[in-house]
Amino acid sequence: MSEKPLHLESRCIHGGQHPDPTTGAVMPPIYTSSTFIQESPGVHKGFEYSRSHNVTRFALERCLANIESSGLSEKDDRTHGGFAFASGLAASATCFELLDAGQTILCMDDVYGGTNRLLQRVRQRSQGLKVVFVDMSDTATLERVASECKPKMIWTETPTNPTLKVVDIDAVARVGRACGAITVVDNTFASPILQRPLERNIDIVMHSTTKYLGGHSDVVGGCLVTSRREIAEKLRFMQNAIGSVMGPFDAYLTLRGIKTLAIRMARHCASAQQIAGWLSTHPAVDRVIYPGLPTHPQHALAARQMRIEGVPSFGGMVTIHLHGGVAESRRFLERVKLFALAESLGGVESLIEHPAIMTHASVPIAERKALGILDSLVRLSIGIENPQDLIADLKQGLD
Ligand SMILES: Cc1ncc(COP(=O)(O)O)c(C=O)c1O
């Protein structure tokens, strides 16, 4: 008898999990051992050395594979196509190793500043990668540039950090197939609760698990999940060969965070929608960027590809342009009290930051300007506090 697949909220709690076979512990123990006994050289219980095999990390990796719908079984790959790393950037760096020296990567123009820095200032030099940036929110441009530069990998992020552009994931998958490129979606801003790239024929999903998956701003990590067996095989080799794995304590915390991911995301989305609407009416705010507002240029696309149980839901990130420049932004950011002025996002607590000075300072200034990351731009990560308290805090900061 085939079992009915569980809903996503249930998969966050049970996906890829089973009680500990030795003790029956319901939650996976934290296995700190770096090494495992062998009966005779090469004869062991499937665990040799913790960089290659760790029970706690494996539990998280199976869960990630399940909630991103890798569709791979234990026979295809030991952790069903899920791989956890020491940070989001460690995950991205390992993913870039799927490319050979001199190959071309086509990258969304507005990506996390650290991804931009890793490509432009490290991998262009050390791996000879040719990096072509393009605004993939314009599908016609994506198609044209891909057919010109013949990339081996297409890397996108949607919604983007920080200008919340939305990219058509179906189009990226289609273009990738047409030119034989591996397609990757950084799904950090949406989380698997809202957006399901592997179900839309994307090859690899990447996350900074530091953000919504961990959810409590207390652990740094990253992951890759693939639905393709041959890619899983390469990533398994790379993860071990490069070695930037997630440690067992961090894996445990991240797995614990994921258990409440579905209910947290619903609340993040509802509060962000309400706060984005309120900010749009405030005279100190020049413009609000939020995919859930009808004024967002890709609102219809976002409503199609970002959904909770079929209901359009637009995430917890809101970006605003204030009237004025750096002085006005600085004054506002110094005055808010409940919002913490800090980098990062996706935690239960609300955060606020200035991308041009903080998260995206590593993006060359001319590129920042071209992307609209101006001195007037402020990024908000809406937490799960009562939204009225958050609005009161923003009001006293802006008035
Ligand atoms: C969209 C996105 N991708 C990747 C990263 C990098 O992740 P980490 O900071 O965990 O290395 C970040 C970090 O802010 C991010 O926002």
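Because only heavy atoms are used, hydrogens play no part in the values below, and waters and symmetry mates are left out as well, while side chains stay in. Here the structure is a predicted model, which means the values were calculated and not measured. Numbering of ligands and ligand atoms starts at 1, following listing order.
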task = Using the six-membered ring wherever Trp is involved, compare the ring planes of Y112 and H360 and label them parallel, tilted or perpendicular (cut-offs 30° and 60°).
result = perpendicular

task = Please lay out, stage by stage, how Q195 and T158 fare under the test side chain to side chain donor-acceptor pair (under 3.5 Å).
result = CA-CA 9 Å; Q195 192 164 271; T158 180; 4.5 Å; no

query = Is the side chain of N54 donor-acceptor paired with the backbone N or O of Y31 at a distance under 3.5 Å, no angle test?
reply = yes

inquiry  = So that I know where these two stand, are F36 and H53 an aromatic pair - ring centroids less than 6.0 Å apart?
reply    = no

query = So, is the end of the R78 side chain (NZ or CZ) under 6.0 Å from the ring centre of F47 and within 45° of the ring's axis?
reply = yes

query = Side chain of R57, backbone of D250: donor and acceptor closer than 3.5 Å?
reply = no

Would you mind writing out a table of all protein N or O atoms found under 3.5 Å from any N or O atom of ligand 1, naming both atoms and giving the distance to 0.1 Å?
| residue | atom | partner | partner atom | Å |
| --- | --- | --- | --- | --- |
| ligand 1 | 3 (N) | D186 | OD2 | 2.6 |
| ligand 1 | 7 (O) | S208 | OG | 3.1 |
| ligand 1 | 10 (O) | G88 | N | 2.9 |
| ligand 1 | 10 (O) | S208 | OG | 2.8 |
| ligand 1 | 10 (O) | T210 | OG1 | 2.7 |
| ligand 1 | 11 (O) | G88 | N | 3.0 |
| ligand 1 | 11 (O) | L89 | N | 2.9 |
| ligand 1 | 14 (O) | K211 | NZ | 2.8 |
| ligand 1 | 16 (O) | N161 | ND2 | 3.0 |

